Amino acid sequence: MKAVAVIPGKPNSIHLREVPTPTLADVPDGRGVLVRVLRVGVDGTDREINAAEYGAPPPGADYLILGHESLGRVEAVGPKVRELAPGDYVVASVRRPGSSLYDRIGLQDMTTDDTYLERGINLLHGFLAEYYVDAAEFLVRVPERLGAVGVLLEPTTVAEKAIAQAWEIQRRLRVWRPRRAAVLGTGTLGLLASLLLRLRGLEVVALGRATPPFLNSRLLEEIGVRYLSTRAVTLAQASAEHGPFDLILEGTGFSPLVFEAMEVLGKNGVLAMLSVTGGDRRVEIPADRINQGFVLGNKVAFGSVNASREEFERGVQDLSQAELAYPGWLGKLLTHPVRGLESYAELMRTLTEGAGAIKVFCEVAPW
Ligand code: BGC
Ligand code: ZN
């Protein structure tokens, strides 16, 4: 079958290649599921992998099949699979268990192992191919009525996890009643995080660089989120006018913002850090002020990566709820379809240069 791969360590090596078609027998104990890939979204992680700044091939291989945001249809299931049947639409989770205690209870997103296994990212092939096979426990069924927006499930789960963790952490307060949230970054992740917070009834301010109006700012306004450009206001001004923020989600990829967010976070507030920043940037920070604010304000900051099966399931519910609350909104995030695996070069070009792109994705097979 055809697959789109990179040679990790070699910049700009994205290419189409012929690889063996996976079979149900690749998964032990009859728990395999063969999936026809329909759509695969790409994001900054794929860009970094193609730039040779991130990612590793499976042991023994010199190439890595890309793709971790998938939507597919089940073609065949092994004899021990009861929960899925041919024709079902499915999304695969990304991380696979290693050996830590957390991995053993299905929380590989919380692994303490030195290396982590992620399909399409680290040590395991991804989904940007005609087919993939995986064990049933790593696949989540999506209802047909969700349709092609199911390809947004994986990025949704990254936001779901951060929000679930924030709520979990805030149980320390017994009566946490968050009212105002700030979302830093208005790409796919920021848009989906803003959506989830709106579905939970919060007032949301989203901050991005670009001057409004533009597609993302209009989409945010459609769901009742206030968009502010950081060219016009600082985070401190935004907080003075629209805060204090009970919850801040940082997902811009610009790590210095984390420390600004720490400064403006409200008393008893919680800050989620979501940017996987590969560089080694340094900044000067008002350490005493931030520290004192955290101590006297009982604040919390935490990091969050990836997502567990529970978040994929909650993601399906929230995407369905979003289609009811804001019909057609999710579909508008699917701005840049690129047809066919052969168009891998266009896929990467659109991802890196696509003006006004929200979600760039490959239509591997017709929906
Ligand atoms: C993926 C996550 C993954 C993270 C770190 C993100 O792009 O969506 O599933 O855990 O990269 O590799
Ligand atoms: Zn991703």
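All figures in this text were calculated on a predicted structure; none of them were measured in a lab. For the numbers below, each heavy atom of this structure counts, side chains included, while hydrogens, waters and symmetry mates do not.
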Visitor: Can you tell if the side chain of Q165 reaches within under 4.5 Å of the side chain of F302, non-hydrogen atoms only?
Guide: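 Yes, their side chains come closer than 4.5 Å.
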Visitor: Looking at R209, I'd like to know if its CZ atom is crowded, meaning that more than 12 non-hydrogen atoms belonging to other residues, nucleotides or ligands lie closer than 6.0 Å.
Guide: no
Visitor: As an exercise, state the distance from OG of S320 to CG of L146, rounded to the nearest 0.5 Å.
Guide: 4.0 Å
Visitor: Considering only NZ, NE, NH1 and NH2 on the basic side and carboxylate oxygens on the acidic side, decide whether R218 and E222 come within less than 4.0 Å.
Guide: no
Visitor: For D103 and T111, which I'm curious about, is there any donor-acceptor pair between the side chains at under 3.5 Å?
Guide: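 On atom types as modelled, these side chains qualify, holding a pair under 3.5 Å.
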Visitor: Which heavy atom of Y227 sits nearest to which heavy atom of A210, and what is that distance?
Guide: OH-O, 2.6 Å
Visitor: Side chains of L215 and K332, heavy atoms from C-beta outward: is any pair under 4.5 Å?
Guide: no
Visitor: How about S275 and S255: do any of their side-chain heavy atoms sit closer than 4.5 Å?
Guide: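 SC-SC contact between S275 and S255 ruled out.
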Visitor: Does any N or O in the side chain of D246 come within less than 3.5 Å of the main-chain N or O of G269, such that one atom is a donor and the other an acceptor?
Guide: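 No; zero donor-acceptor contacts below 3.5 Å.
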Visitor: Closer than 3.5 angstrom, by distance alone: can the side chain of N50 be matched with the main-chain N or O of R47 as a donor-acceptor pair?
Guide: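 Checked: no pair found.
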Visitor: For residues N268 and Q170, report the shortest heavy-atom separation together with the two atoms involved.
Guide: O-NE2, 2.7 Å
Visitor: Nearest heavy-atom pair of V258 and L271: which atoms, and what distance?
Guide: O-CD2, 3.7 Å
Visitor: Would you find a donor on one side and an acceptor on the other, under 3.5 Å apart, between the side chain of K299 and the backbone of M262?
Guide: yes
Visitor: More than 12 heavy atoms of other residues, nucleotides or ligands under 6.0 Å from OH of Y102: is that the case?
Guide: no
Visitor: Check whether any side-chain heavy atom of K161 lies under 4.5 Å from a side-chain heavy atom of D109, and answer yes or no.
Guide: yes
Visitor: The test is side chain to side chain contact (heavy atoms under 4.5 Å, CB included); show your working for T23 and V133 and say whether it passes.
Guide: CA-CA 7 Å; T23 68; V133 164; 5.7 Å; no
Visitor: Considering residues, nucleotides and ligands other than E144, do more than 12 of their heavy atoms fall under 6.0 Å from its CD?
Guide: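 Open: at most 12 neighbouring heavy atoms sit under 6.0 Å from CD of E144.
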Visitor: Start with the C-alpha gap between I65 and V4, add the side-chain angles, then the distance that decides, and say whether side chain to side chain contact (heavy atoms under 4.5 Å, CB included) holds.
Guide: CA-CA 6 Å; I65 300 176; V4 175; 5.9 Å; no
Visitor: Might you point out which heavy atoms bring V91 and S70 nearest each other, and give the distance in Å?
Guide: CG2-O, 3.3 Å
Visitor: Near R339 CZ, under 6.0 Å, is it more than 12 heavy atoms from other residues, nucleotides or ligands?
Guide: no
Visitor: Taking the side chain as everything from C-beta on, heavy atoms only, tell me whether V305 gets closer than 4.5 Å to R95.
Guide: yes
Visitor: So, R198 side chain and I223 main chain: donor-acceptor pair closer than 3.5 Å or not?
Guide: yes
Visitor: I'd like to know if R289 and E263 make a salt bridge, using a cut-off of under 4.0 Å between side-chain N and carboxylate O.
Guide: yes
Visitor: Side-chain contact, heavy-atom cut-off 4.5 Å: H68 with D43?
Guide: yes
Visitor: Run M348 and V360 through side chain to side chain contact (heavy atoms under 4.5 Å, CB included) and show every step you take.
Guide: CA-CA 9 Å; M348 204 35 83; V360 179; over 6 Å; no
Visitor: Any side-chain donor-acceptor pair under 3.5 Å between Q237 and S239?
Guide: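 Per modelled atom types, Q237 and S239 side chains form no pair under 3.5 Å.
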Visitor: Considering non-hydrogen atoms only, spot the tightest contact between L139 and A92 and give its length.
Guide: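 Heavy atoms only, the tightest pair is CD2-CB, 3.6 Å.
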Visitor: Closest approach of L197 and A181, non-hydrogen atoms and distance?
Guide: CD1-CB, 3.8 Å
Visitor: Does Y89 share a hydrophobic cluster with L319, counting links as ILVMFWY side-chain heavy atoms below 4.5 Å and allowing steps through other members?
Guide: yes
Visitor: Out of curiosity, T112 OG1 to L101 CG, how far, rounded to the nearest 0.5 Å?
Guide: 7.5 Å
Visitor: Please tell me whether I14 and V40 are part of a single hydrophobic cluster in this structure, the criterion being side-chain heavy atoms less than 4.5 Å apart.
Guide: yes
Visitor: Would you say L38 ends up clustered with V142 if hydrophobic residues are merged whenever their side chains have heavy atoms under 4.5 Å apart, either directly or through other cluster members?
Guide: yes
Visitor: With clusters defined by side-chain heavy atoms of hydrophobic residues (ILVMFWY) lying less than 4.5 Å apart, directly or transitively, does L235 cluster with V205?
Guide: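 Yes, V205 connects to L235 through the hydrophobic network.
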Visitor: Salt bridge or not between R96 and D134? Use side-chain N to carboxylate O under 4.0 Å.
Guide: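 D134 and R96: salt-bridged.
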Visitor: Distance to the ring centre below 6.0 angstrom and angle to the axis at most 45 degrees; does that hold for R309 and F138?
Guide: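 No cation-pi geometry.
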Visitor: Take V77 and L34 through the side chain to side chain contact (heavy atoms under 4.5 Å, CB included) test and state the conclusion after the steps.
Guide: CA-CA 6 Å; V77 300; L34 173 69; over 6 Å; no
Visitor: CD of E250 to OG of S304: how many Å apart, nearest 0.5 Å?
Guide: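 If I round to the nearest 0.5 Å, the distance is 12.5 Å.
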Visitor: After noting the C-alpha distance and the side-chain angles of E160 and R314, does the key distance pass the salt bridge (charged side-chain N to carboxylate O under 4.0 Å, His left out) rule?
Guide: CA-CA 7 Å; E160 287 283 2; R314 197 166 333 99; 3.7 Å; yes
Visitor: Are E203 and R180 close enough for a salt bridge, meaning some N to O gap below 4.0 Å?
Guide: yes
Visitor: Report the C-alpha distance between H15 and Y63 in whole Å, list the side-chain angles of each, state the deciding distance to 0.1 Å, and finish with yes or no for ring-ring contact (aromatic ring centres under 6.0 Å, His included).
Guide: CA-CA 10 Å; H15 63 279; Y63 69 94; 7.2 Å; no
Visitor: Are side-chain heavy atoms of L71 and L152 found at a separation under 4.5 Å?
Guide: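 Sidechains of L152 and L71: no contact.
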Visitor: Side-chain heavy atoms nearer than 4.5 Å, only ILVMFWY residues, links allowed to pass through others: does that put V338 and V364 together?
Guide: yes
Visitor: Assess whether a salt bridge exists between D88 and R73, defined as any Lys/Arg side-chain N lying under 4.0 Å from an Asp/Glu carboxylate O.
Guide: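 Salt bridge flag = no for R73 with D88.
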Visitor: Any chance CD of E137 has more than 12 other-residue heavy atoms, nucleotides or ligands included, within less than 6.0 Å?
Guide: yes
Visitor: For E363, I'd like to know if atom CD has over 12 heavy atoms of other residues, nucleotides or ligands within 6.0 Å.
Guide: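 Counting neighbours around CD of E363, more than 12 heavy atoms of other residues, nucleotides or ligands fall under 6.0 Å, so yes.
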Visitor: Can you tell if the side chain of F254 reaches within under 4.5 Å of the side chain of T230, non-hydrogen atoms only?
Guide: no
Visitor: Ignoring hydrogens and geometry, is there a side-chain-to-backbone donor-acceptor pair from R174 to R172 under 3.5 Å?
Guide: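 Confirmed, R174 side chain pairs with R172 backbone.
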Visitor: So that I can tick it off, tell me whether R39 and E154 are bridged by a salt bridge, with the cut-off set at under 4.0 angstrom between side-chain N and carboxylate O.
Guide: no
Visitor: Here's a test for you: under side chain to side chain contact (heavy atoms under 4.5 Å, CB included), which of L124, L64, L123 qualifies with P58?
Guide: L64
Visitor: Does K2 have more than 12 heavy atoms from other residues, nucleotides or ligands lying within 6.0 Å of its NZ?
Guide: no
Visitor: Regarding S308 and E311, do their side chains bring together a donor and an acceptor under 3.5 Å, going by distance alone?
Guide: yes
Visitor: Given 3.5 Å as the limit, does a donor-acceptor pair link the side chain of D318 with the main chain of L196, or not?
Guide: no
